Amino acid sequence: MTAKQSPLAKGMNLFLRVFWEKYGMMKSIIILSSVMLSVSAHAYRYDFEYDGMYFLLLSLEKQECVLTGFNSVSRDTVVIPEIINYLGREIKVVDIFNSWEIEKVYDTIKYLSIPGSINLLGSNIFTDLPELRTLVIEGAGRELRFYGNCQYPKLEYLKLGRDVEPPIFKEHPMLRKVEICDSLEYLSEHYFEGCTNLESVNLGDHLKYVGADAFSYTNIDSLEVPPNVERIVGGAFSNTPLKYVHIQKSQDGLSEPFVMEQAFGQMLEKIVIERPITTIDYNVEVLSPLRSDQLKDIELINIGKIPKMLFNGCKGIKNIKISGEISEIGSCAFKQCEELESFQNIEGLEPLNFDNIAYIGSYAFNGCKKMNHLIMPENLTSIEWGVYSNCKFPEILVIPDAVKAIEEEAFRGCENVKLLKIGKNCKRIEKMAFYKDGIIPESNGIIPEIMCESVVPPGISDYTFSGATFMHAVLYVPEESLEAYSSAAGWKQFWNIKTLDQAGIDEVHVGNKYSIQVQGGELVIQGAENSSVRVFTPSGKIVYNVSCYKGDPIRLGSGIYIININGTSHKISL
């Protein structure tokens, strides 16, 4: 029959195993023998005293020592030094000897600082501190291991400079503030999960990675993400009241891109992004990494590209403020942003210049039903699948001359379009590209006028436009191409084809209030003196803007424009 060990024997065996692992057999025997002899004679042994603490020298050669006790039975602050300057020598503190001389102050400690030179706390050392309020774990690049179940029921502030194994801070009820410092780069999953009173975290200057659920079920409502943080894994701040996130830029502008995941929960209201970001290849069932119906306030500062899926499904967004040029908008970037109305400069309220955008991915603006103008850069060469499907369209829709291909469903559901102008270099228009669903007249199912400037008819199918459009629209084409369109596949389905010189607008009268006229290539507006007048291209680029119009002629190049007078829009062709 195996003898049953007493708790004291078990504790001694664990202590001896840890000591053996750390110092080796011979050295441990020498140290323990010395300590035991000293205990019998003097209760405990020490070689010198420093700041009310007793230390035993372990090695003259390495100049290392171990903490063995305190000179009092009550002590509210314990700051264990890493280096002790004693008799002109620098001695490193590398361990703590567990004895009643250490334990006698456990009930009174409120502030504890553990140096980076200690990598292991043996059996039950500093694991039960009922009055501890502040814990500082200094960093040295190596993890700190605890042997025992840590109990810090009153811990409020933690300064963490390195990883702790096993993670001991989960579900600490009174923890309110965490500061990451020193060399800690990786914060593993569930690290502070369930710390329901934790309301402030400083991620520090070295941290790169925050694991899943690391701060879930905490009380954090605001987060600054420093430039050193490269990734916060999905769910890291789930089930928190987090409302504001600021992803900071570095001073030199050389930060690594931030990987955006579903990390910030459902309560997010505002996000400011100041450096390039990337998103993960989700499958079709996963929505935006920033999915939050509460998200309304967005600032994008010099991020260069808006990655795919970034705001997909964020139904509450109304305005997006942008500073700097945008070169690319990824697939589904703003898909189903049903309340999105406009993009604005951070410095002012004028529409942005999107001319430098070379690519807009598929379904990027699908379902943006309230946008006040389409983002369609003039140098765009291809309009991808479903990009502008089910959007709010202007009455005049102009496809830039640079566009060579219009993919499937690109403008499907273009209910408001009264005039469609297709540029001269278009080669191919796929099925459903301009399809209007529904039945006339309830769904406004036709595009009344279509102008196609390409001399060679672009390739289309019988389903590029709705049947109602083929029957009721007027198609205007180059004079020399009238016969070609009349016999080309798809185009020949139009019942009414005319030449471009038969189309155009020379003068617009708006009730009894305004008269908009074209005179010698200039725009003259009568009756709008002292009014706000703005002139846009159909893609939303502003070309003229005054808050108090004086009646002067407005010189513009040839083309189609939208004129906004005191908030009311009108169309004109020069």
Side-chain angles (χ1 to χ4, degrees), residues 329 342-343 351-360 364-365 368 371-384 387-389 391-407 409-430 433-436 446-455 457-458 460 464-465 469 473-478 481 498-506 508 516 518 521 523 534-544 554 556-564 569-574:
I329 298 177
S342 65
F343 294 82
L352 288 154
N353 181 357
F354 287 104
D355 287 348
N356 292 317
I357 295 179
Y359 174 80
I360 300 178
F365 296 101
C368 296
M371 281 180 58
N372 56 23
H373 64 275
L374 290 183
I375 296 175
M376 197 183 311
E378 294 182 1
N379 61 349
L380 208 61
T381 58
S382 177
I383 298 177
E384 300 300 318
V387 173
Y388 306 104
S389 54
C391 286
K392 177 183 178 181
F393 292 89
E395 291 189 351
I396 303 173
L397 178 58
V398 178
I399 309 300
D401 286 341
V403 172
K404 297 180 180 179
I406 302 172
E407 301 297 340
E409 300 186 359
F411 297 92
R412 182 170 184 174
C414 45
E415 300 298 336
N416 296 324
V417 176
K418 300 295 189 295
L419 172 61
L420 169 63
K421 180 176 176 291
I422 301 171
K424 62 183 67 175
N425 293 308
C426 187
K427 308 297 183 187
R428 175 172 54 85
I429 307 175
E430 295 296 341
F434 296 99
Y435 197 88
K436 283 192 172 185
I446 65 170
I447 303 175
E449 295 180 286
I450 300 173
M451 302 167 63
C452 190
E453 295 185 336
S454 177
V455 174
I460 68 170
T464 296
F465 302 92
T469 296
V474 178
L475 172 63
Y476 297 98
V477 300
S481 305
K498 297 182 179 181
T499 60
L500 282 169
D501 58 4
Q502 296 175 273
I505 305 171
D506 295 322
V508 176
I516 304 172
V518 178
L523 200 62
R534 296 192 295 174
V535 181
F536 300 88
T537 65
S539 64
K541 181 180 179 181
I542 192 165
V543 294
Y544 181 84
I554 304 171
L556 301 168
S558 60
I560 297 174
Y561 298 92
I562 298 171
I563 302 164
N564 186 284
S569 295
H570 319 285
K571 60 183 178 181
I572 194 78
S573 177
L574 276 72

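Numbers here are sequence positions counted from 1. Excluded from the calculations below are hydrogen atoms, water molecules and symmetry mates; all remaining heavy atoms, backbone and side chain alike, are included. Predicted, not measured: the structure shown is a model, and the values here were computed from it.
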Supply the atom-to-atom distance I447 CD1 to C414 SG, rounded to the nearest 0.5 angstrom. 4.0 Å

Heavy atoms of V403 and A405 approach each other most closely as CG1-O, 3.5 Å

Nearest 0.5 Å, what's the CD1-CG distance between I383 and L374? 9.5 Å

side-chain contact (heavy atoms from CB on, under 4.5 Å) involving Y544 - partner list, sequence neighbours excluded: V533, V535, V546, Y549, I554

Side-chain contact, heavy-atom cut-off 4.5 Å: I399 with L420? yes

Is it the case that the side chain of T381 and the backbone of K404 share a donor-acceptor pair, with hydrogens and angles ignored and the cut-off at 3.5 Å? no

One should read off an interatomic distance between L380 CG and I329 CD1, to the nearest 0.5 angstrom, of 9.5 Å

Below 30° counts as parallel, above 60° as perpendicular, anything between as tilted: where do the rings of F354 and F343 land? perpendicular

Using 0.5 Å steps for rounding, measure from the OH atom of Y476 to the OG1 atom of T499. 9.0 Å

Any M376 side-chain heavy atom under 4.5 Å of L397 side chain: yes

For the residue pair L500 and C452, what are the closest heavy atoms and their distance? CD1-O, 4.2 Å

By side chain to side chain donor-acceptor pair (under 3.5 Å), D401 pairs with (sequence neighbours left out) none

Once rounded to the nearest 0.5 Å, what's the spacing between atom CD1 of I360 and atom CZ of F365? 5.0 Å

Which residues pass the side chain to side chain donor-acceptor pair (under 3.5 Å) test with K392, sequence neighbours left out? none

Partners meeting side chain to side chain donor-acceptor pair (under 3.5 Å) with S454 (sequence neighbours left out): none

Run the side chain to side chain contact (heavy atoms under 4.5 Å, CB included) test on F434 and V417 for me, step by step, so that the C-alpha distance in whole Å, both residues' side-chain angles and the decisive distance to 0.1 Å come before the verdict. CA-CA 10 Å; F434 296 99; V417 176; over 6 Å; no

Once you round to the nearest 0.5 Å, how far does OG1 of T469 lie from CD1 of I450? 6.0 Å

Report the residues that fulfil side-chain contact (heavy atoms from CB on, under 4.5 Å) with S342, sequence neighbours left out, ordered by chain and then residue number. N319, Q344, N372

Is the shortest heavy-atom distance from the side chain of Y359 to the side chain of E384 under 4.5 Å? yes

Checking E430 now: which residues fulfil side-chain contact (heavy atoms from CB on, under 4.5 Å) with it, not counting sequence neighbours? E407, E408, R428

